[in-house]
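Order of the sequence lines sets the chain letters (A, B, ...), proteins ahead of strands, with each chain counted from 1. Computation of the quantities below employed the complete heavy-atom set of this structure, encompassing side-chain atoms and omitting hydrogens, waters and symmetry-equivalent molecules.
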Number of protein chains: 4
Amino acid sequence: MIKVGIIGGTGYTGVELLRLLSTHPQAQLKVITSRSEAGRAVADLFPNLRGHTELAYVEPDPAYFDECDLVFFATPNGVAMKQVPELLQRGIRIIDLAADFRIKDQPTWEHWYGMSHACPEQLESAVYGLPELHREAIRSASLVANPGCYPTAVLLGFLPLIENGLVDIDHLIADAKSGVSGAGRTANVGTLMGEVGESFKAYAIPGHRHQPEISQTLKQLADKPVQFTFVPHLVPMIRGIEATLYARLKVTETDLQALYESRYADEPFVDVLQAGSHPETRSVRGSNHCRIAIHRPLDGEVVVVSSVIDNLVKGAAGQAVQNMNLMFGLAENCGLEQVALLP
Amino acid sequence: MIKVGIIGGTGYTGVELLRLLSTHPQAQLKVITSRSEAGRAVADLFPNLRGHTELAYVEPDPAYFDECDLVFFATPNGVAMKQVPELLQRGIRIIDLAADFRIKDQPTWEHWYGMSHACPEQLESAVYGLPELHREAIRSASLVANPGCYPTAVLLGFLPLIENGLVDIDHLIADAKSGVSGAGRTANVGTLMGEVGESFKAYAIPGHRHQPEISQTLKQLADKPVQFTFVPHLVPMIRGIEATLYARLKVTETDLQALYESRYADEPFVDVLQAGSHPETRSVRGSNHCRIAIHRPLDGEVVVVSSVIDNLVKGAAGQAVQNMNLMFGLAENCGLEQVALLP
Amino acid sequence: MIKVGIIGGTGYTGVELLRLLSTHPQAQLKVITSRSEAGRAVADLFPNLRGHTELAYVEPDPAYFDECDLVFFATPNGVAMKQVPELLQRGIRIIDLAADFRIKDQPTWEHWYGMSHACPEQLESAVYGLPELHREAIRSASLVANPGCYPTAVLLGFLPLIENGLVDIDHLIADAKSGVSGAGRTANVGTLMGEVGESFKAYAIPGHRHQPEISQTLKQLADKPVQFTFVPHLVPMIRGIEATLYARLKVTETDLQALYESRYADEPFVDVLQAGSHPETRSVRGSNHCRIAIHRPLDGEVVVVSSVIDNLVKGAAGQAVQNMNLMFGLAENCGLEQVALLP
Amino acid sequence: MIKVGIIGGTGYTGVELLRLLSTHPQAQLKVITSRSEAGRAVADLFPNLRGHTELAYVEPDPAYFDECDLVFFATPNGVAMKQVPELLQRGIRIIDLAADFRIKDQPTWEHWYGMSHACPEQLESAVYGLPELHREAIRSASLVANPGCYPTAVLLGFLPLIENGLVDIDHLIADAKSGVSGAGRTANVGTLMGEVGESFKAYAIPGHRHQPEISQTLKQLADKPVQFTFVPHLVPMIRGIEATLYARLKVTETDLQALYESRYADEPFVDVLQAGSHPETRSVRGSNHCRIAIHRPLDGEVVVVSSVIDNLVKGAAGQAVQNMNLMFGLAENCGLEQVALLP
């Protein structure tokens with residue numbers, strides 16, 4: 001039984017982590033901290049957990065975690081980097097669901113996150129927790145940087161094309177759309193239902209923090225810099241990300257359907273749909289799957305990939321549990337076999 | 001391992017039954033029939049089931065069910081009553097998710113459902129599958145009539161008041177609201193998103209089929225006729241029912257909170273919230289729970305109960321699985337421990 | 001041309017007032033104040049107004065209003081009562097869209113609004129701005145208290161029954177449902193789309209501020225105290241209120257349909273639907289109409305009325321403009337002939 | 001006063017046309033036909049029109065239109081082409097809201113619409129009704145082909161770039177998103193709220209009918225063939241289209257913001273937002289405006305344009321009325337000054 005703790009956990013990635021851990025057969029949640037909610041029962045804040053956990057939030061204190069094998073950070077960006085060193089010293093392994101350790105280049109991170117990094121010495125050793133790419137490194141990692149939601153959907157969609165050098169890496173485009181839970185559970189006029197319901201918009205077109213995160217991995221895959229345009233959009237729904245990817249084929253003979261199917265044949269959570277399909281975000285609502293379809297519109301030289309995930313599961317808490325399973329030698333899908341809720 | 005079959009199962013109660021059975025540790029789905037979809041893989045129609053079932057729909061044929069211990073009818077009203085006798089004769093136990101066997105009085109049923117009943121001889125022996133009321137009878141039943149969605153939410157909310165004779169049974173009101181999945185998966189202008197999205201309305205105010213179903217049980221509980229007004233409403237969301245119940249207290253000293261808590265203390269799926277709470281449908285989305293709160297506005301003589309369920313789970317497929325568990329001596333919550341999806 | 005000013009107007013009732021006034025043929029908006037947005041163009045905050053107004057918010061200052069014939073308060077409760085005396089002194093007429101002058105009894109107001117009233121001397125003279133009830137008084141009023149959204153829908157539904165003494169006033173119930181715009185445009189976790197989308201709940205069951213506001217008028221109509229239960233609910237949509245009203249008929253011979261049709265025959269904004277109808281909130285989205293249907297379920301002694309309005313129009317800004325039209329001798333529907341947006 | 005008729009008009013473009021015409025000061029709706037609804041009052045089918053029109057649907061019969069100056073076809077594709085010749089012969093001018101006359105090349109039209117064209121002789125003379133491009137031709141046209149919803153949003157976004165030869169026309173991409181009203185008001189499982197609510201997906205990636213319609217105009221503008229990729233998506237909302245356009249700049253010195261502002265300076269319905277803006281579909285809900293923003297992500301060589309319209313207004317009925325105004329010498333914005341409904 002893995003003993004786990006959660007730091008933070010009053011937001012949407014937190015409650016989703018609680019949902020998954022509360023029914024996980026091999027993990028036991030020992031402690032969850034929150035400054036704002038200390039003393040309050042978790043199930044008071046999130047009534048869906050009534051009957052599933054007796055836990056209450058406690059004030060943050062590293063000592064609480066001595067009994068833990070693993071700690072999840074479900075905190076805002078910039079919190080984990082301050083506490084990671086002490087926890088590692090205490091021999092506790094860490095999965096950070098925030099962005100503190102996702103970008104290897106310190107100046108790049110500091111530019112996009114607008115603060116100086118408190119723990120640059122761990123940037124190199126931190127493992128980027130995308131199992132489909134770094135499975136072996138994750139198994140032995142002490143510190144896992146859980147990928148962002150958009151990067152997960154976009155990278156899984158691009159992987160086979162870039163790995164095999166099939167497309168022009170100077171013209172990669174990802175047009176991504178996310179439900180509002182991606183914006184978090186903080187009081188904010190911009191995400192009131194009165195503001196975002198029944199409306200659709202692009203945002204952050206000039207530049208979004210997930211662009212450098214995605215570019216970093218695309219560059220590793222291509223082994224040279226790429227030109228990548230990323231535009232996120234806000235969808236009037238709660239959960240789900242769909243990413244539509246555009247690239248120009250350098251060779252048009254390849255059977256892309258077969259390529260994707262073989263690349264992901266052994267992946268428990270990547271599902272390549274039949275040729276001609278269009279994945280719906282509802283087909284992964286509440287599940288850890290990424291479903292993908294590949295097309296060549298009008299049989300032209302442009303390849304279009306549609307990739308869907310639940311931003312709170314494969315895009316956050318579910319992938320974190322998948323990483324935990326790998327780090328502790330469990331079956332990769334242990335506690336992650338929920339069927340998506342449809343309708 | 002219980003061997004089960006499903007007749008019908010191309011609608012929303014069907015896909016929900018498939019979701020629950022596909023992860024049920026003690027049940028094995030052997031066959032599912034559909035005239036319209038015969039030959040098609042279940043996971044083609046419902047992509048959330050990809051990776052969870054290899055089953056395909058087959059043409060209806062009683063012979064298919066010989067290997068089954070139990071058959072679920074997820075068919076439109078009027079189908080089960082024609083096939084039940086043969087299946088019972090083959091020694092197969094049955095749970096009907098439709099309305100064919102819910103109402104004991106044949107003329108009443110025929111009035112509300114607009115057809116003559118093909119199997120009146122089973123009306124008496126059929127057990128109304130509300131475990132909180134008929135648990136023992138369900139255990140030994142051959143034919144269970146799974147309650148309607150509205151009746152489940154309304155009856156669980158009224159139960160303690162009526163059983164204890166605390167309210168004036170001549171003035172019972174249930175103002176109920178349901179998500180659109182309750183209207184089913186049939187092509188119909190009236191439930192297009194363009195028609196029901198971003199709008200709210202009452203419907204069937206002159207009379208709704210669930211009124212006599214609810215009245216029948218209220219009458220049993222009160223041991224005399226009741227006057228019960230029922231008004232359903234359509235909510236622009238997919239899942240969930242909230243029923244707001246109004247009754248006049250005959251005695252105002254009773255501690256209603258304590259009464260409800262003790263009545264449901266041993267019920268695995270009825271959750272009485274703390275005094276002062278207001279249940280949200282999202283707190284039961286995808287779960288088999290019914291959550292209830294009791295109030296006395298301005299400390300007057302009117303008691304108001306708010307009761308929420310997921311119409312497709314406790315209101316249909318989940319309650320059917322709960323009944324199956326009882327019929328086959330399994331733990332009542334076996335395969336039903338999913339945590340509600342929030343947000 | 002009526003010269004008008006708006007105090008506040010950065011919220012939803014404010015932007016709706018701006019929408020209606022910007023196309024009103026007889027009113028000219030001269031000034032709009034806001035502490036938080038002073039200096040900002042109105043159309044920057046609300047892009048739907050681009051091309052319709054050049055106005056910018058200015059710091060609050062009574063002097064600004066000297067050129068105005070009328071000032072609307074679109075402020076939080078408790079603001080208007082502090083500024084009304086000075087404006088009246090300057091000879092400016094006032095419509096308060098907040099609650100400061102809706103309740104005649106000072107202690108009752110102070111109990112429900114949790115503050116002491118700064119301007120009790122105006123409580124008596126202020127006219128409750130429901131044209132269908134107080135049309136003549138509104139024409140000559142200096143200070144109009146614009147009714148609340150729920151009270152408008154509930155009172156228009158109950159009016160004919162109470163005026164004619166047809167129902168038992170000791171058992172009046174209003175089960176009301178509102179879209180989230182009713183909760184305003186303030187940053188608040190409770191109205192994030194992630195919290196209220198795809199979910200339904202009752203709230204404020206123990207007591208809501210609109211209960212005494214409605215009771216006050218019901219009492220006037222019945223000429224004696226009434227027992228009135230009010231339960232509001234939150235609907236996952238942006239605009240619209242539906243109120244389902246329950247009362248017990250004392251006499252069952254009356255032709256209720258004819259009664260309602262004649263009561264509202266000359267009302268420009270109250271539409272009695274054909275017998276057997278069920279009004280949808282979308283049928284009044286963006287319009288100043290209230291649509292009503294009357295039913296007697298199963299021909300019993302309970303009468304059920306369903307009443308719908310757009311909470312931001314007939315429930316707030318539209319009714320305020322209707323009151324302005326009356327106060328200044330214009331056609332009552334001047335500038336209010338928009339057709340509801342359906343779908 | 002222009003006398004107009006509508007053929008069809010039981011769908012969403014029909015009801016929107018009725019909304020706009022019922023308050024148009026210079027147009028009078030004389031007759032509306034429908035096979036399915038003949039004899040029924042328009043306001044029965046669409047309650048938002050109660051009090052705005054007394055008209056009832058009549059059986060289709062060309063004779064009805066002799067008193068009309070103009071007839072709108074709000075029919076499915078393939079209907080107008082059969083009736084246009086007779087109406088033209090009777091001297092009646094026509095605006096077809098369907099696709100029959102949008103594509104000049106008969107084989108292309110027949111390939112995409114899967115039928116042979118019944119009236120190819122009018123393909124050349126029909127004017128493509130995009131006022132921003134063909135204003136003068138529209139004024140004198142007898143037959144106007146009203147543009148599709150996606151083409152309107154995409155073409156207005158691309159126009160200034162292509163007209164000025166600023167981008168590489170071999171790599172044009174439009175990632176477009178539409179609310180469900182674009183799918184019409186026909187009974188169809190695929191657009192039930194239970195199917196499309198709370199979900200997002202791409203569709204028709206292999207090829208969509210609006211691709212050749214858009215390509216035809218892009219080719220005219222560029223005066224040579226273009227390579228254009230078009231991917232539509234379905235958004236869980238009712239109204240609104242957002243198109244995100246991607247192109248590669250050939251010259252990067254141009255001030256794109258100034259270019260767009262000057263190109264559309266005199267256009268009554270095209271609004272270029274300030275630099276750095278992101279248009280929301282709600283900012284045009286119910287209005288005839290198209291709002292546009294231009295960006296260069298990370299100051300690179302890719303230009304990204306975001307363009308929003310209401311698919312039922314500027315994308316259909318509103319643009320048809322704008323064309324009518326031009327055809328009959330009225331002010332172009334006559335009857336089209338509605339402010340968008342926000343929130």
Classify the ring geometry between B:Y246 and C:Y246 as parallel (under 30°), tilted (30 to 60°) or perpendicular (over 60°).
-> tilted

Under 4.5 Å to a heavy atom of chain B? For C:I205 that would be both

Under a 4.5 Å heavy-atom cutoff, which of C:E301, C:Q227, C:Q211, C:M237 has the most pairs with chain B?
-> C:M237

If you count heavy-atom pairs under 4.5 Å between each of B:P297, B:S199, B:P236 and chain C, which one has the most?
-> B:S199

Close side-chain approach of B:D175 to C:K177, heavy-atom, < 4.5 Å = yes

Would you call C:R248-B:D170 a salt bridge at under 4.0 Å N-O?
-> no

Chain C contact via B:A293 - side chain, backbone, both or neither, heavy atoms under 4.5 Å = neither

Rounded to the nearest 0.5 Å, the CZ atom of C:F200 sits from the OG1 atom of B:T244 at a distance of 6.5 Å

Sort out for me which of B:K201, B:E198, B:E280, B:E242 touches chain C most, counting heavy-atom pairs under 4.5 Å.
-> B:E198

Carboxylate-amine/guanidinium contact C:E195 B:R282, below 4.0 Å = yes

If one checks every heavy atom of C:H233 against chain B at 4.5 Å, the contacting part turns out to be side chain

So which of B:V196, B:D299, B:I238, B:L234 has the biggest tally of heavy-atom pairs under 4.5 Å with chain C?
-> B:I238

Residue from C:S306, C:G207, C:G194 scoring the most non-hydrogen pairs under 4.5 Å with chain B is C:G194

Side chain proximity check, B:I173 to C:H171, heavy atoms < 4.5 angstrom = no

Write down the atom of C:G197, the atom of B:R285, and the distance for their closest heavy-atom approach.
-> O-NH2, 4.0 Å

Does C:P206 reach the side chain of B:H278, with side-chain heavy atoms less than 4.5 Å apart?
-> yes

